[in-house]
Amino acid sequence: MLYIFCPHCGSRSQNEFAYGGDATVKRPELNKEISDQEWNNFVYLRKSPRGKHLELWHHISGCRQWIKVERDTSTHEIFKTYKADELTE
Amino acid sequence: MSQDFRLDNIGMVNRKKKISFTFNGKKYFGYEGDTIASALIANGVHLVGRSFKYHRPRGFFGVGVDEPYAILQLERNNERDPNIRATEQEIFEGLEVKSVNCWPSVNFDIGAINNFLKMFFPAGFYYKTFMWPPSFWYKIYEPFIRMAAGFGEASIKHDKERYEHKYEYCDLLITGSGPSGLASAYAAAKNGARVILAEDKPRYGGSLLSSDVNIGNQTGAEWSEKIITELKSMSNVIVKNRSQVFGYYDHNMLVMSERISDHLPKTQKYLPKQRLWYIRAKEVLISSGSIERPLVFGNNDTPGVMLSSAAKEYIKVYGVLVGKKPLIFTNNDSGYETAIEFKKNGVNPLILDTRKEPSSDIITEAKNLGIEIKYSYVVVAAKGYKKVKSADIAKISDNKKDLSNIENIECDCICVSGFWTPSIHLASQSGNKSEFNEKIDAFIPKKSKQKENTIGSANGKFTLEETINEAFNKGYEVSNKITENNNKVSIPTVVEKKSSEHDKFWCVPLPKGKSYKRFLDFQNDVAVTDIELALREGFRSIEHVKRYTTLGMATDQGKTSNLNGLQLVSDIENKVVPQVGHTTFRPPYTPVSIGAIVGREVGKHSKPTRKSPMHEWHEKNNAVFVDAGVWLRPRYYKQGNETLFEASKREAKNVRKNVGVCDVTTLGKIDVKGPDAAEFLNRVYTNAWLKLPVGKARYGVMLREDGIVMDDGTTTRISENHYHMTTTTAQAANVLSHLEYYLQLVWPELNVNVVSTTEQWAGAAIAGPNSRALLMKLFPNTDVSNEALPFMGYKEADLFGIPAKIYRISFSGELAYEVNVESDYGNFMWEKIIEVGKEFQIQAYGTEALSTLRIEMGHVAGSELDGRTIPHDTSLEGLVSKKKDFIGKRSLSRSAFTKPDREKIVGVVPLDKTTSIPEGSYIVKDPKAKLPNPKLGHVSASCWSVEYDNPFSLAIIKDGKNMIGQKLFAMSPLKNKTIPVEIVSSHYVDPEGKRVRA
Ligand SMILES: [Zn+2]
């Protein structure tokens, strides 16, 4: 079980969190004309990298904040965690 | 019965307390502190079971977790506990155990015929033997395998024992209380670290309990007693015996199984049987020691052949002799230590040493004691069926290939030592890739992937001095990283006998013309010939060889067999062991009971049960409950002998005719507050929200980004910047996470806060033509007329002194209101409604009637919003704004969602007006069409329409809009029904919605 550092609460067990997928996906702006392809990429297409991955976790049984976690998908090493509005490196 | 093999003046069992137990129905005595193994051996019992494949007699091989043979079944109070290792289970008064894998008895076992049919059980027999002829499988092979397989029989009854879970955090977890565990725990604890020291056995000290050594002028046993006493007294230390750390998981999470009352005669009511500890450790020191390696020779599985270290521990710890005419077969000095203990206790051993001319302190001591030693000698084969009676021994040539001078000598046990294998399981589980150490012919941990270090003999340090020094230093070093106390304790001096180098020889060749079975894996009956066959058949990777032969795949995880198996593969392949590599170790290190893993989350504790504040009233009024998510909701209120069908019909009818009240507390509720709340709702919902006035509610539908309907519900504008959102019971948690996602990550510029208020409000839906009249009596000071409180209106009012909120919304399609009060007043509100409602013929109604009411009105719910439908499919497209953007809107223009014959919701009525249509039925044009019959759609929900008194269903079918009026068929292959039906509008009752606005 992972041990995730929540920037709001401190280190907490994985079972307090829900996984939220790729944190680098950006939702297209509202009211903007976009192609089927672009929209399809946003809704369905995700990379599944082996290695470093910036992902979202939701601290649902804690502060209820969405946070960004930089994790190695093969070793589970967590390099850094960020608040939702914090700039990532 | 006298204990012929018990020594008088040695051992740690409590001689003052005699304990009786039964084994296979026969009564035996032992002492407090005995294991089943030590007590049986003391009584001269060595035959305890039959082997897995060939049903060969099985005795004892080890003295702890490494035991591959003595797997028994414990029985108490008609409960069965399989897979119990006799070497670990302590005896208690009244303990009953029996053998497994033998029928009809351990002494006469029919399955032993397998031993003579061994041509049917070669490597890979699972894949080969039983394949042909196919007709033999069910009748002959399978019943036979089933009877022959397994290590006991699990109880099929409910396990009444209590199991617990515990979460713990520490600076340093130390796994094993041998010399390295004790020393490192002491050094770390004295340096202020929070330490957990776990020991799988009842006694602390590990090898110190049976070694002839001195630490700081005390015997090993005295020193360990002193250290453990001091550790127990320290507030920063948790010391646990009978506790096995069996799994090393991510981020230094380790799991430990504590046997709390397995060794006690009768569990106290609230004393758990076992406790599972989830331990998050900043650092881990693995001090799990090492396990002696067997030597391989003919019939080396005969009862009486055992590890020499085990024989020594039986003498030193339990005061038990494993035999009175022992043969010691060794390739290193450890066998001598065992021989010396035999000799000191009045028994004359014979040592066979594979080495030519070794010399060391220990060997000299053995010689001085007058112990007979034969060098360059081996055991060729053990003789005897149920117990060793003699052994064929022989001189072995210098190149270890040829045997000479074969003779038979009498003996009653053969104690083997093939040197030591570090227990690297936990290190391996942590991700540490081990490396082969040529000096000890075994793998040791290499580079840590997590915060762990392996110390002592688990790290290949086989002298006590090295071990103690390494452990004190590591204990200090690791703890100081955390505490920075710089408090270093002095390392005691160690006195031990020097030993000489071991011999790499491990497998005795077969003499000419003999074909003795030489076993590698004692639990799965894997012999040298099996590995040879697997390699001949082309299996190369050690992982494949393992699976094909089942080497190391038994419950003992190959603790005694892995390395010998690897050696054999390397020898045949002319490789060295590191080239072959070793198989992966996975948790658990030792078997863990399912009960311990599940803990207390069983039966009704498997998930939380949520009850509304009105739950007691429902119970008192004969409610029959149904699970709705984690909630319990009344399904119907039973009157007399009513069935579900009769009761729900009565309740629903009464809503249509008079007035009913339904507990809607379980609906999800979310407060949405902030200056940008309206804008936010406008983006979340498909319809327009910017112009909703204060004091008004609106029905809304929200989508996922892929265009699928996520949830629906009404949201009310309580004040300028405050909205009260409702969600379905099932989606409440998902909707909150969804809203938080958009507020925190996508549109952080919106000034809005959301919080769940589901549990803060108790809700009652009052529905039916009499509902306004009832409301007027409930709220005499509030104007609830159609003008003052119109459909979708909202008012705050006073309910007999309690502040209440009235929402004029309707799920039943009738004139209806939902009244909310703070949860604590829920029951008060409910009882007032029932009391005042009497004169209007009020009746409480449950979820079944609620379903009936909404289905015949064509209102959609979870069975239509099933994660596959878009607004169009459920006739909610009128709520989709064309002017503004919202979550998921772009997806709605995808071609699949806009094709003209897209599925749409319809009503379905059976032509005979009497046959109910099973939910899930397919709608088809031709019931006799060739399979697979092209289906138009499926029936999502069915009810008995109380308005028309005939069955009515909702279905989502292709081109539904144009199907109305068509005669089709509903088919349910599950219920074997084909029903002719007519397709009608989904709004079966009051299609214009007049009643809700009345
Ligand atoms: Zn948090």
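By convention in this document, chain letters (A, B, ...) are assigned in the order of the sequence lines, proteins followed by strands, and residues within each chain are numbered from 1.
- In this structure, chain B has a heavy atom under 4.5 Å from the backbone of Glu77(A), while its side chain stays farther away.
- Taking Ala84(A), Gly20(A), Ala18(A), Pro28(A) one by one and counting their heavy-atom pairs under 4.5 Å with chain B, the maximum is reached by Ala84(A).
- Annotation: Glu33(A), atom CD; neighbour count of heavy atoms from other residues, nucleotides and ligands within 6.0 Å does not exceed 12.
- Here the closest non-hydrogen pair linking Met1(A) and Arg280(B) is O-NH1, 2.7 Å.
- When heavy atoms are compared at a cutoff of 4.5 Å, Leu736(B) approaches chain A by way of both its backbone and its side chain.
- For a residue to count as touching a neighbouring chain, one of its non-hydrogen atoms must lie under 4.5 Å from one of that chain's; by this rule Arg890(B) touches chain A with backbone and side chain alike.
- With a 4.5 angstrom heavy-atom cutoff, Arg683(B) touches chain A only via side-chain atoms.
- Note on Ser737(B), Gly431(B), Gly707(B), Gly888(B): by heavy-atom pairs under 4.5 Å with chain A, the leading option is Ser737(B).
- The environment of NZ in Lys447(B) is sparse: at most 12 heavy-atom neighbours from other residues, nucleotides or ligands sit within 6.0 Å.
- Interface remark: Trp66(A) contributes backbone and side-chain atoms alike to the contact with chain B (heavy atom separation under 4.5 Å).
- The choice from Leu2(A), Ile60(A), Ile34(A) that makes the most heavy-atom pairs within less than 4.5 Å of chain B is Leu2(A).
- What you find for His76(A) and His251(B) is that their closest heavy atoms are O-NE2, 2.6 Å.
- Remark: the backbone N or O of Gln744(B) is not paired with any side-chain donor or acceptor of Gln65(A) at under 3.5 angstrom.
- For the pair Met253(B) and Gln14(A), the minimum side-chain heavy-atom distance is 4.5 Å or more.
- The number of heavy-atom neighbours closer than 6.0 Å to CG of Leu690(B), taken from other residues, nucleotides and ligands shown, is above 12.
- Rounding to the nearest 0.5 Å places CD of Glu740(B) at 12.0 Å from NE2 of His59(A).
- With a threshold of 4.5 angstrom between heavy atoms, Tyr167(B) approaches chain A through side-chain atoms but not through N, CA, C or O.
- No part of Ser11(A) comes within reach of chain B, as not one of its non-hydrogen atoms sits under 4.5 angstrom from that chain.
- For Lys446(B), the NZ atom counts as loosely surrounded, since its 6.0 Å shell holds 12 or fewer non-hydrogen atoms of other residues, nucleotides or ligands.
- With respect to chain B, the highest number of heavy-atom pairs below 4.5 Å among Asp36(A), Leu30(A), Thr75(A) belongs to Leu30(A).
- Other residues, nucleotides and ligands contribute only 12 or fewer heavy atoms inside 6.0 Å of the NZ atom of Lys433(B).
- Proximity to chain B (any heavy atom under 4.5 Å) is shown, for Asp85(A), by neither the backbone nor the side chain.
- Heavy atoms closer than 4.5 Å to chain A are found in both the backbone and the side chain of Ser891(B).
- The neighbour count for Ile594(B) CD1, taken as heavy atoms of other residues, nucleotides or ligands under 6.0 Å away, does not exceed 12.
- Taking CD1 from Ile67(A) and CG from Leu745(B), the interatomic distance works out to 10.5 Å, rounded to the nearest 0.5 Å.
- Highest contact tally toward chain A, considering only Phe886(B), Trp747(B), Tyr249(B), is held by Trp747(B) [criterion: heavy-atom pairs under 4.5 Å].
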